[in-house]
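Below, chain A is the first sequence line, B the second, and so on; all start at residue 1. We use all heavy atoms of the structure for the numbers below, so side chains are in, but hydrogens, waters and symmetry mates are not.
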Number of protein chains: 2
Amino acid sequence: MRLSRYFLPVLKETPSEAQIVSHRLMLRAGMIRQAAAGIYSWLPLGYRVLRNIERIVHEEQQRAGHIPMLMPTLQPAELWQESGRYDDYGKEMLRISDRHGRDMLYGPTNEEMITDIFRSGVSSYRELPLTLYHIQWKFRDEVRPRFGVMRGREFLMKDGYTFDTTKEGALHAYNRHLVSYLRTYERLGLKAIPMRADGGPIGGDYTHEFLVLAETGESEVFYDSEVTDLTFGDRVIDYDDVDQCAAVLEEFTTRYARTDETHDEAIFAEVPEDRRRSARGIEVGQIFYFGTKYSDAMGATVTNADGQAVPVHMGSHGIGVSRLVGAIIEASHDDKGIVWPEGVTPFHVGIVNLRQGDAACDTACEGIEAALEAHGLDPLYDDREERAGAKFATMDLIGLPWRLTVGPRGIANGLVELTNRRTGESEEMSVEDAVARVAAIYAR
Amino acid sequence: MRLSRYFLPVLKETPSEAQIVSHRLMLRAGMIRQAAAGIYSWLPLGYRVLRNIERIVHEEQQRAGHIPMLMPTLQPAELWQESGRYDDYGKEMLRISDRHGRDMLYGPTNEEMITDIFRSGVSSYRELPLTLYHIQWKFRDEVRPRFGVMRGREFLMKDGYTFDTTKEGALHAYNRHLVSYLRTYERLGLKAIPMRADGGPIGGDYTHEFLVLAETGESEVFYDSEVTDLTFGDRVIDYDDVDQCAAVLEEFTTRYARTDETHDEAIFAEVPEDRRRSARGIEVGQIFYFGTKYSDAMGATVTNADGQAVPVHMGSHGIGVSRLVGAIIEASHDDKGIVWPEGVTPFHVGIVNLRQGDAACDTACEGIEAALEAHGLDPLYDDREERAGAKFATMDLIGLPWRLTVGPRGIANGLVELTNRRTGESEEMSVEDAVARVAAIYAR
């Protein structure tokens, strides 16, 4: 992409309404624009990151055997009256009346709707287990939306629903989700720690939240420092293998790690003192086994092997897709701007032409752009007639992890400079080596 | 994908509420389920088709140099009050009041919002031309939603907006859209004819609708039979070349082709009688140049080369993504079910195991499945313990363009049967040849 043909409305001033760094940087880098309180347009740069996250979530869900579909944003009130949540939900539910006066709502979550789909389409235990998920816009009418996309009203979420004949089956689905979430967050460049969560009014021990440590997190968290050393890495998992998935759950959730909602001083005190940590965290996902709450209320049963109708055991499992854009920035930035992890970066590499209009520089930049594209990469070529300082500042602000700088002196000797955004380290090398190096980084 | 692990709730009976064939077949094939009047869940099979269409639209938009972004579903009323359309729009606009009593709406289209984004981010003619587009859910509160996804209330649409300093520039953007739409529809397996459309209250000659001929179309159309012979094919176009794009417009819009809204008997009479046709058509897209209507009303100006502020010339260009799923079925089905064009099919090929549990058949099917996946294809393997007739009926209903049938007699000689869904023709061949043949079909 040529920057001269792109739409990247970066801001020079820091917007006064933004209280946290991710919100400031997303506005300054031209990633989002507020449409109304807590409702944002995703400008081209922000949209690229959002799509990358969405793609990774899809890939990891399908790797785990979960089936994608899509439920609508608006739902009829009847479904929520059936489960009893229509009155419980309060003012966070955006209630809508259509032209015929029918009560609708903008879905904040989809347990009722998926249960309705399930009961109409599945009748036998032979069709189970089943996990259906979607990635769709949702709405929660927060009384005080803030922190940009971190606590918006219209937000993009992946929510998946598991259906099993037995509690044991449902707990395997729970463990499988934990495994796939660990992989997902690592691919996004995040360390997200599963922490014992509060079951809320439903209760139950089977819920974990995934938290990213960041100073601006909304939750206070308490953990054994050993949990931050755990890495899922590229181990190969058979998602159908009950023992393998259970072992990962065991490995990642045995050590103390809780939010303020479930924190227990007495248990925490048993952690060796030098490993006790408290910090702040951003919630980026949650897994939840809730048994037969909705299947009982809504009559979602299957016939078992004995021909009896039994309610299905369900779980719901969410990842905050749009919120993750903010969370990644909170966890990865410096005073010059964003530092994207390679997995989600909007462009793989920036090309800075130090002397636009100089034939040798222009030709070299165009050649590098074409060579990178031939490797399946998306470079962003700053071909504007701007001074070098402004071009560097833009690249630093928008946070591309790698930058190739092309100037008249270097290119006379066939040399360009490759710069790592995170470390700031630069290395001079031939054009061919630079292209090969960048291609190798992303081939990993 | 193994059918035994998939969620494909096909219906045996024809649903009585569905009046047209695409609606009936989408319900019967387990592609959609109604959530409320005119609002649908996209079950896994339907979602795969929807995503394929979305991907092709994205690819063709970006090939033409258009920039993807994403605007939210909800919009503040203020923007529409500024353009004057808030009162004009009537009851088709779903109006919403949030918890603080602020007036919002579920966007039926995005001219106002994109104009607002433009005016805040672009100030100079040097940043033009610019085309921004998104694919997002929209809502029109139809008084009588019907025909399934063809006239739903919540629908997925691609809408793109062009910004130019001059009318000439804007008309090139218009022509470029026409070219890219022709390519898009052909990739979707459709013949969509650009027809002179009615400018509506704005007036103007610069609007064309794209219509797919189908008996169930909502519009009556009149055309010169020569227009149905035109094919865009795989010609290479430079989308920046004004003359090339204008020549395509000329080629595809010179002959008579109009909907009942713009039909003119006197001009039609000049078409040789043996080429005059009337039929019914489904609208699947529209392009529109509307000048400075919104930029005047909302103050979207740029400074030109002389330093003067001038309003930008705009156009908007839409493709009905969710509606296309229905339109494709209307254009491509038979009495057994859907016949998907290869470009959008939910699975590339079906594998039918005639004797599930037979070791040779099972092994062969698994090998074929793995070999096809190694070619990057998505087969759907019917591994259920069902009789052959039921398996064939399901495959015919859901419309996969190719089917591989594996039975004990053939496989004893290393042979399987490859069947073309459209023609019904079958050919016996070795497993290796069958895999290679299917791979070659999709490599085109």
Side-chain angles (χ1 to χ4, degrees), chain A residues 1 4-9 30 33 35-37 39-44 46-48 50-51 65 67-76 78-79 91-92 94-100 102 104 106 113-114 116-118 120-122 126-127 129-130 132 134 136-137 139 141-143 153-154, chain B residues 1 4-9 30 33 35-37 39-44 46-48 50-51 65 67-76 78-79 91-92 94-100 102 104 106 113-114 116-118 120-122 126-127 129-130 132 134 136-137 139 141-143 153-154:
Chain A
M1 177 60 66
S4 66
R5 302 187 70 162
Y6 204 52
F7 180 61
L8 185 71
R33 176 174 161 78
I39 303 179
Y40 292 88
S41 286
W42 294 79
L43 304 184
Y47 178 66
R48 289 184 81 102
L50 189 69
R51 283 288 274 195
I67 300 174
M69 59 173 295
L70 189 62
M71 287 174 271
T73 61
L74 298 197
Q75 304 185 16
E78 289 82 6
L79 279 178
K91 290 195 162 179
E92 287 206 353
L94 186 67
R95 293 156 206 264
I96 299 170
S97 183
D98 75 7
R99 69 188 294 169
H100 300 296
R102 283 177 296 220
M104 318 272 297
Y106 199 122
M113 188 172 277
I114 198 76
D116 179 53
I117 289 168
F118 179 89
S120 78
V122 177
R126 282 190 303 268
E127 299 167 69
L130 181 66
L132 298 167
H134 74 159
Q136 178 60 294
W137 292 92
F139 202 92
D141 203 358
E142 298 264 357
V143 64
R153 295 197 291 167
E154 185 170 330
Chain B
M1 176 62 65
S4 65
R5 304 187 70 163
Y6 203 52
F7 180 60
L8 184 71
R33 178 175 160 77
I39 303 179
Y40 292 89
S41 286
W42 294 78
L43 304 184
Y47 178 66
R48 289 184 81 102
L50 190 69
R51 282 288 274 196
I67 301 173
M69 58 174 297
L70 190 63
M71 288 175 271
T73 61
L74 298 197
Q75 304 186 15
E78 289 82 5
L79 279 177
K91 288 195 163 181
E92 286 206 355
L94 186 66
R95 293 157 206 262
I96 300 169
S97 182
D98 74 7
R99 68 188 293 167
H100 299 297
R102 283 177 294 220
M104 319 273 298
Y106 200 121
M113 189 173 276
I114 199 74
D116 180 53
I117 288 168
F118 179 88
S120 77
V122 177
R126 283 190 303 267
E127 298 166 70
L130 182 65
L132 298 167
H134 74 160
Q136 177 61 294
W137 292 92
F139 202 92
D141 203 358
E142 298 264 358
V143 63
R153 294 197 293 168
E154 185 169 328

Do you know which of [options] has the most heavy-atom pairs under 4.5 Å to chain B?
{"options": "A/Ile39, A/Ile117, A/Val122", "value": "A/Ile117"}
{"options": "A/Ile96, A/Thr73, A/Leu50", "value": "A/Thr73"}
{"options": "A/Arg33, A/Lys91, A/Met1, A/Met71", "value": "A/Arg33"}
{"options": "A/Leu132, A/Leu74, A/Leu70", "value": "A/Leu70"}
{"options": "A/His134, A/Arg126, A/Arg153", "value": "A/Arg153"}
{"options": "A/Tyr106, A/Tyr40, A/Phe118", "value": "A/Tyr106"}

Which one wins on heavy-atom pair count under 4.5 Å against chain A: [options]?
{"options": "B/Pro72, B/Gly30, B/Gly65, B/Pro129", "result": "B/Pro72"}
{"options": "B/Pro9, B/Ser4, B/Ser97, B/Pro76", "result": "B/Pro76"}
{"options": "B/Glu127, B/Arg5, B/Gln136, B/Arg48", "result": "B/Arg5"}

Is [X] close to chain B through its backbone or its side chain, or both, or neither, when contacts mean heavy atoms under 4.5 Å?
{"X": "A/Gln75", "answer": "neither"}
{"X": "A/Leu130", "answer": "side chain"}
{"X": "A/Glu142", "answer": "backbone"}

The reported gap from CZ in B/Arg102 to CG in A/Asp141 (rounded to nearest 0.5 angstrom) is 7.5 Å
My understanding is that only residues two or more places apart in sequence, or in another chain, count here; which of them pass side chain to side chain donor-acceptor pair (under 3.5 Å) with B/Arg99? none
I'd like to check the ring-ring contact (aromatic ring centres under 6.0 Å, His included) partners of B/Tyr6; sequence neighbours left out, ordered by chain and number. B/Phe347
Engaged part of B/Leu43 at the chain A interface, taking heavy atoms whose separation is under 4.5 Å: both
Between A/Met113 and B/Ala35, which heavy-atom pair has the shortest distance, and what is it? CE-CB, 3.7 Å
